[in-house]
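None of these values were measured; they are calculated from a predicted model. To find a chain, count down the sequence lines: A is the first, B the second, and so on, and within it residues start at 1.
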Amino acid sequence: MTYDAGHYDVVVVGAGHAGVEAGLAAAKMGAKTLMLTLNLDMIAFMPCNPSIGGPAKGIVVREIDALGGVMGKVIDKTHIQMRLLNTGKGPAVQALRAQADKPMYIKEMKNIVENEKNLTLRQGMVDRLVVEDGVCKGVVTETNAFYRAETVIITTGTFMRGKVLMGDLEYESGPNNQRPTIKLSENLEELGLEITRFKTGTPPRVNSHTIDYSKTEIQPGDETPRSFSYETTEYITDQIPCWLTYTNEFTHEIINENLSLSAMYSGMKRGTGPRYCPSIEDKIVRFNDKPRHQIFLEPEGRDTEEVYVQGLSTSLPESVQHGMVRSVEGLEHAEIMRAGYAIEYDAIVPTQLWPTLETKKIPGLFTAGQINGTSGYEEAAAQGIMAGINAAAKVLGKDPVILDRSQAYIGVLIDDLVTKGTNEPYRLLTSRAEYRLLLRHDNADFRMTELGYELGLITEERYAAFKEKYRLVEEEKKRLQKLIIKPTEEVNAFLETAGASKMKEAVKAYDLLKRPELSYDLLAPIIHADPSLPHDVTEQVGIQIKYEGYIKKANDQVARMLKMEEKKIPEDIDYDAISGIATEAKEKLKKVRPLSVGQASRISGVNPADISILVVYMEQGNIARLAN
Amino acid sequence: METDTITAISTPIGEGAIAIVRLSGPKAISITANVFKGKNLGDVASHTIHYGKIIDPETKEVAEEVMVSVMRAPKTFTREDVVEINCHGGMVAVNRVLEIILSQGARLAEPGEFTKRAFLHGRIDLSQAEAVMDLIRAKTDKAMSVALKQMDGRLSALIRRLRQDLLETVAHVEVNIDYPEYDDVEEMSHDMMRTKSKEVYKEVVELLQVAKQGKILREGLATAIIGRPNVGKSSLMNTLVQENKAIVTEVPGTTRDIIEEYVSVRGVPLRLVDTAGIRETEDIVEKIGVERSRQVLKESDLILFVLNYNDVLSEEDEKLFKAIEGLDYIVIINKTDLEQKLDLDRVYELAAEKPIVITSLVKEEGVNELEEAIAKTFFAGDIDTGDLTYVSNVRHIQLLKQAKQALEDAMEGLELGLPLDVVQIDVTRTWELLGEIIGDTASDSLIDQLFSQFCLGK
């Protein structure tokens, strides 16, 4: 028999990267929130690589931060090194990546969660949902605690019917030998949700003392201090390097000889693995002409000797892993501390979700993170904060928040998931974004802070600082519009030393900055730059001016896209009543139930004629609705 | 609602000698006025018609003499400003007028879009909603099938190759962005990107030049001339070309196998295919066998089957009749200046309902009758072409022009030394535009390419 364990506005099941953002966002918005986790010592644990950020992902972290999430702040406090990637490329694709101190990250995150008022943190295994009249009304744990809830967010990551695979060893488990979530997965299936099976893998960890670093290349962090969060003011200066080495023909020989012993190649695994994160077995088989593959040795923290061997993700038997690791230069005497393994798990087919991340089938139930078929901590956190916002908004009677593809990578991620679905664990890539020149890491604050503030996730103080920053940007841009630079000898001499071509006639400073070879910093003396202007202001001014033409082009595209997004489709439209839409398109539309004509047009299998017909049908005003 | 101005050829081919280019939208009048020499259309009263000339803004030449009807909103079919340009010079001229209008900022109408606008503006009764939808569906499906059909295999293969080149380039840039520390691939350089862009640019420009001459994209009826050796096939060919303005004469390398001769017979565009074979007096059936030749012939819209009045009906002739069974053809009995040896009864029997024309090409007799038969076949709707053939051609040209512009933007960015990820925006756009030509717009291809081309992972 269950016992009454309390009544909450939002219950978050899981406290990984999605769970913590969901719980914190909901609580900050004023919803009474409960967060349940299997193990209080594993909050925001990183079961795989010890790093956060990277191309696209690093921008997501900044978006989360600008919305009022915590991932950026926590990694700013707990990293062992930080780098700005793609510095040689345009501003749209630059992104931060930090190597994390895993234990510190957990400690810091737990501290934040524990101290959030409105948020209750509790250890417990959820076995089933309580659904009344088709609506989610709470959860029941294995200890028979019944938590009544207005909304529930499931963020169980790879735990659902998780199965660890290593050689012919196979056992039910969550990542890193934690307990798997079996009953909840069965329960979701019983409730009619469509479940798919994915897999992923992780490499072995070795003891740092047993690595001969002299045979590897050092990969230090940047000297310039940077941060993910727009609020961070203190920077870590004592960084720890990573190290680069390579596999070789011996490594490949060992793998080839033992291929049949790999869990993946012996046919045990059913799940679909990601192409962007292949096991070393996969790489050897698919790209057998490559003489070597890169291996990055990444420390897992400051107070641990464990080193993550990036590039050797594997499901080979432990016995083979020893030899494989030791064939690598620098690792000849390496001692494995944890062996690599593959993990197979249940995921929800994400086209069952509204763009708010609420399930269509069960109102009040939200899902976020790896359970929705994504991979990566950042993708999980992004969904977490959006699910938290929308669950709280629902309870508090506020409008749902849906980011579009021109607003944020988060919008791209969620739109892709709920519109197209995914047949492999989904990773964000810059190429998935149509408007990446608008979705830069330098302007994530510009794109998200206003919204975060409206939702109550951004403090007054931070909001004021944000407003001031962009006031200064506009002011400086105006000043440069008015400032005329004449081609004096002095100016031309300056340009010449800077390696730029001379000026022939007077131009606005604004236009001079458009020259690709001239940066704001370089031109500072000529354009009479105010040295008291903060760097992030002048950086913003420089980028906005230099890429103005491209940004305008992108904005024009967005305007066209938004016109389609603004054409809303009623949730309960009866597609069967519309004659003329092709059968295949009808089936897809009935499944995805797009909220706008724009979203409908992105569904594969729905062609322009179907969209035309849909628009005409809706315009005539007499729209057939589904019963109930 | 919709604020742009749309245009299309609004008369199906074959419905009389006049073809109409229709515009609808807020800029319908100003766009036409820009290229119209005659009265200032901006000042004329609504529902009036005016004589004048359409001037090609690029060459400043007169493209066509026209009558232009100006109808101002709201008393029009679409309840927007509507202009109708009446052209007399056959399909080639009307197509040129359409291109000029498009170059002035009108957008090519989607199938059924005029009707759709009429409907959306309340011009058509609500009860007709379903009919409108059926119309859109029918026209779109037709447009698709026509577009695919008329897409020559080699043209689509060429576009596919260009797209693959671009895709690999883009994937290369993407891998540099998304996997910055991945050292297996060299960093894409501006030079590499420039080389690739130029290669593709050259081919796009070539395609456009060809399109301009009406060789590839401006479709005519694919017409095959068949018959035994020495029946007068090449005389027929020459007659058609001489009698009518040959639109294309020279054969550029890239397209030599696509179109040989293009003639306009009484306003009906004919694309005479496989003429090389005819000139070498090789028989198509002899050369490749009945089955294969039937395949080739099937792809023709019209077959001109020439028989020799001065020779008996041979086994080969019978074979040819069999090969073209069920297809659209005209039988031409040539060499009537010579003695009759042909069994005409048998020919009439074999031809059944198909038109038969008697000619002496040497004496230039029967040519008028032949042309009339061609025009009649065409206008009677025996041959299934429809107005959309032209529309989709123009669509292709428009897309190619946009692709060219995107490549120019990319090359300009490269010259300016902009970062490759910025330049790549225009390269990707080119790839998408070329994809629209062949109806392939799957956006996941890039991701697929990325992971098949490079070994990436953690």
Side-chain angles (χ1 to χ4, degrees), chain A residues 48-49 54-56 85-86 88-93 203 219 244 274-280 282-283 286-287 290 293-294 296 310-311 313 420 429-432 434 436-437 515-517 546-547 550 553-554 578-582 602 604 607-610 612-613 615-617 619-622, chain B residues 1 110-113 115-116 119-120 126 128-130 132-141 143-144 170-171 173-184 187 409 413 416-426 428-429 439 442-444 446-448 450-452 454-458:
Chain A
C48 200
N49 56 321
L85 305 174
N86 290 332
K89 301 191 180 77
V93 298
Q219 304 273 302
L244 170 63
R275 285 170 297 177
Y276 48 81
C277 180
S279 64
I280 187 70
D282 241 347
K283 293 191 218 174
R286 286 183 49 214
F287 295 90
K290 295 233 174 292
H293 295 275
Q294 285 168 310
F296 290 93
Q310 193 215 301
S313 176
K420 297 178 183 160
L429 297 161
T430 59
S431 48
R432 296 197 197 266
E434 298 87 342
R436 71 180 174 206
L437 202 58
R515 287 215 210 157
E517 73 273 20
K546 192 147 299 205
Y547 296 99
Y550 283 91
K553 209 149 70 169
I578 310 175
S579 70
I581 294 185
R602 288 190 293 274
S604 60
N607 67 37
D610 300 314
S612 276
I613 289 165
V615 170
V616 169
Y617 180 78
E619 296 286 346
Q620 53 91 23
N622 185 18
Chain B
M1 207 174 299
E110 286 160 20
E113 198 172 2
T115 317
K116 181 172 142 191
F119 172 73
L120 294 182
L126 286 186
Q128 289 174 302
E130 290 207 353
V132 173
M133 286 178 221
D134 287 348
L135 184 78
I136 292 172
R137 162 62 62 194
K139 286 210 173 187
T140 311
D141 288 350
M144 281 307 284
V170 171
V173 177
E174 293 296 341
V175 81
N176 291 157
I177 293 168
D178 276 323
Y179 296 87
E181 64 284 278
Y182 177 64
D183 66 358
D184 267 12
E187 187 84 13
D409 291 350
L416 287 171
L418 288 171
L420 285 181
D421 56 279
V422 175
V423 174
Q424 188 238 315
I425 294 171
D426 290 314
T428 306
R429 178 93 191 108
S443 55
D444 291 337
L446 175 58
I447 310 281
D448 292 340
L450 202 62
F451 294 119
S452 61
F454 303 105
C455 174
L456 308 163
K458 60 181 174 182

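- No donor-acceptor distance shorter than 3.5 angstrom exists from the side chain of Glu181(B) to the backbone of Leu85(A), with no hydrogens or angles considered.
- Atom-to-atom distance recorded for Glu434(A):CD and Thr428(B):OG1 is 11.0 Å, nearest 0.5 angstrom.
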**Request:** Take Arg436(A) and Glu174(B) through the test salt bridge (Lys or Arg N to Asp or Glu O under 4.0 Å) and record every step on the way to the result.
**Result:** CA-CA 12 Å; Arg436(A) 71 180 174 206; Glu174(B) 293 296 341; 3.0 Å; yes

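- Counting all heavy atoms, side chain and backbone alike, Tyr547(A) lies closest to Pro419(B) at OH-CG, 3.2 Å.
- Interface check for chain B: of the options Gln219(A), Glu517(A), Gln294(A), Arg602(A), the most heavy-atom pairs under 4.5 Å are formed by Gln294(A).
- Without hydrogens or angle criteria, Asp421(B) side chain to Gly90(A) main chain gives a donor-acceptor distance under 3.5 Å.
- Residue Asp426(B) touches chain A through its side chain alone, counting heavy-atom pairs closer than 4.5 Å.
- Rounding to the nearest 0.5 Å gives a distance of 8.0 Å between OH of Tyr182(B) and NE2 of His293(A).
- What you find for Tyr550(A) and Asp409(B) is that their closest heavy atoms are OH-O, 4.0 Å.
- Contact of the Lys553(A) side chain with the Ile425(B) side chain is not registered, since no non-hydrogen atoms from C-beta on lie closer than 4.5 Å.
- With values rounded to the nearest 0.5 angstrom, Leu429(A) atom CG is found 5.5 Å from Tyr179(B) atom OH.
- Heavy atoms closer than 4.5 Å to chain B are found in both the backbone and the side chain of Thr430(A).
- Test Val173(B), Leu420(B), Asn176(B) against Lys89(A) for side chain to side chain contact (heavy atoms under 4.5 Å, CB included) and you get one pass: Asn176(B).
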